[in-house]
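For reference, the structure is listed below as C-alpha cells.
Note that the numbering runs from 1 along the sequence shown for the chain. None of these values were measured; they are calculated from a predicted model.
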Amino acid sequence: HPLSEMEGQVLRLTAEGYSNTEIAQMLHISRGAVDSYRSRGMNKLGLERRSELVYWALQTGLLTEEPGK
C-alpha cells in the first residue's frame, strides 16, 4: 500500500526530528492525528522504531544528510 500524502508528510517531519506537537501545528491537525498517520505509515513500511524511519528516509532520498538542503 502506498503512503497517503499526509502519512508521507508526517513521516518526513518525524524523521527530521519534529515533535508531535510541532507537526500538529505545522499541518493543522491534532496530536492524535499525527500519531495515527505516523503509525499507519510506519506499519505500511514495516518500520517499528523512529531510528528505522530516519534510516528509511535517508535511503529513499526523503531526507538529506545535511539539514536544510
Side-chain angles (χ1 to χ4, degrees):
H1 301 283
L3 295 176
S4 72
E5 183 178 339
M6 192 62 82
E7 289 165 351
Q9 287 181 317
V10 168
L11 292 181
R12 180 178 53 80
L13 292 168
T14 299
E16 288 177 359
Y18 290 101
S19 71
N20 284 3
T21 302
E22 290 170 322
I23 295 169
Q25 290 171 348
M26 284 187 251
L27 300 179
H28 308 288
I29 59 177
S30 70
R31 285 185 61 198
V34 172
D35 283 333
S36 208
Y37 285 121
R38 181 174 44 251
S39 179
R40 281 201 313 256
M42 289 182 70
N43 282 340
K44 286 181 181 180
L45 298 172
L47 306 174
E48 295 179 12
R49 290 180 290 284
R50 189 178 290 241
S51 58
E52 293 173 326
L53 172 60
V54 172
Y55 182 76
W56 173 84
L58 284 167
Q59 293 300 307
T60 60
L62 192 62
L63 280 183
T64 61
E65 293 188 44
E66 297 180 48
K69 301 240 173 176

Would a single hydrophobic cluster contain both [Y] and [X], if residues Ile, Leu, Val, Met, Phe, Trp and Tyr are joined by side-chain heavy-atom contacts under 4.5 Å?
X	Y	answer
Tyr37	Val34	yes
Val54	Leu13	no
Trp56	Leu63	no
Val10	Leu62	no
Leu11	Met6	no

Over all atoms of both residues, closest heavy-atom pair of Ala24 and Arg31 = CB-N, 3.9 Å
Please name the pair of heavy atoms, one in Tyr18 and one in Arg50, separated by the smallest distance, quoted to 0.1 Å.
->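 Of all heavy-atom pairs spanning Tyr18 and Arg50, the closest is O-NH1, 3.9 Å.
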Separation of [Y] [atom2] from [X] [atom1] (nearest 0.5 Å):
X	Y	atom1	atom2	value
Gln25	Asn20	CD	CG	11.0 Å
Lys44	Arg40	NZ	CZ	7.0 Å
Glu5	Leu27	CD	CG	10.0 Å
Leu3	Leu45	CG	CG	4.5 Å
Ser4	Gln9	OG	CD	8.5 Å

Connected to Tyr55, directly or through other members, by ILVMFWY side-chain contacts below 4.5 Å are none
Please examine the side chains of Thr14 and Met42, heavy atoms only from C-beta on, and report whether any two atoms are closer than 4.5 Å.
-> no
Would you say Ser36's side chain and Gly32's backbone share a donor-acceptor pair under 3.5 angstrom?
-> no
